[in-house]
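Notes for the one structure printed next.
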Amino acid sequence: MTTTPTAGTDLRTGLALRGVTLGYPDGESRLIALDEVELAVAPGEFTAIAGPSGSGKSSLLAVAATLLRPDRGEVLVDGVDAGALDERERTALRRERLGIVFQQSNLLASLTAVEQLLVLESVRGRRPARARTRAEELLESVGLAGAKQRRRPHQLSGGERQRVNIARALFGSPSVLLVDEPTSALDHERGAQVVDLLAEVTRTHRTATVMVTHDRELLGRADRVLTMQDGRLRA
Ligand code: ADP
Ligand code: MG
């Protein structure tokens, strides 16, 4: 019997990808972006995936985020097979269990930091006062306290904007946190601080965290490092 990265792990919690294969149309043929990817990440575990540009890292996160459907294989979120859900159920799964920090910050220019989180509340229905308290506490926990919470994106530094993105991803209490190249716009020190923060929130929020990066210097902070090469994932 061969051992895979998912062998012997509990697939009922956290994130699991099994035999995930994804191609994009490429002229007459298909470009294989993900090739039989196996991955299991447990709650409270911080997994980093390194690999050169074009190796399939963002594709892997898009599939794990249930934004792209793989050609073959399964994506399990807390044991729920995303491929077996209809569109409405998949949207609910994303909202309830997935936190996503994309490579390009998609903060809304007109909203303050605290409003970036509260805008999500309209689809959730917590009581407004409680939601605001939670948003403020979360922002404080990622290092944005006081007046900074009332600043708009252009009044924050790149590192601070990334902290807002992380707080926003945590707002729905996700089981799985997916983070794409969080440090690409930051200098080394700020980048290291953001990765330290991801390690910390993984412990405190017990998320199954996957961070992808092409910056090998930041990998020491992860519990486990995997390498992506030509759509294949290896230890
Ligand atoms: P990475 O994030 O590691 O840079 P990507 O997952 O973005 O890699 O891309 C993997 C491969 O798939 C690359 O060869 C890229 O050009 C190709 N690719 C990515 N997105 C698309 C798309 N929407 N259509 C066609 N090819 C794509
Ligand atoms: Mg990418």
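Numbering of ligands and ligand atoms starts at 1, following listing order. In this text, all values refer to a predicted model and were calculated from it rather than measured experimentally. We count residues from 1, following the sequence as given.
Taking CG of Leu98 as the reference point, atom CZ of Arg90 lies at 11.5 Å (rounded to 0.5 Å). Interatomic distance, CG of Asp180 versus CG of Leu61, reported as 5.0 Å (0.5 Å rounding).
Under 2.8 Å from the Mg ion (ligand 2) lies no N/O/S atom of Ser59, from backbone or side chain alike.
Between the side chains of Arg163 and Ser141, not a single donor N or O lies within less than 3.5 Å of an accepting N or O.
Near ligand 1, residues Tyr24, Leu31, Ala33, Pro52, Ser53, Gly54, Ser55, Gly56, Lys57, Ser58, Ser59 come within 4.0 angstrom through at least one heavy atom.
For Arg30, the side chain to side chain contact (heavy atoms under 4.5 Å, CB included) criterion is met by Pro25, Asp71, not counting sequence neighbours.
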Problem - Stepwise side-chain hydrogen bond (donor to acceptor under 3.5 Å, both in side chains) test for Gln193 and Asp196 - result: CA-CA 5 Å; Gln193 287 167 358; Asp196 283 340; over 6 Å; no
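Formation of a donor-acceptor pair under 3.5 Å by the Thr112 side chain with backbone atoms of Glu115 is found in this model.
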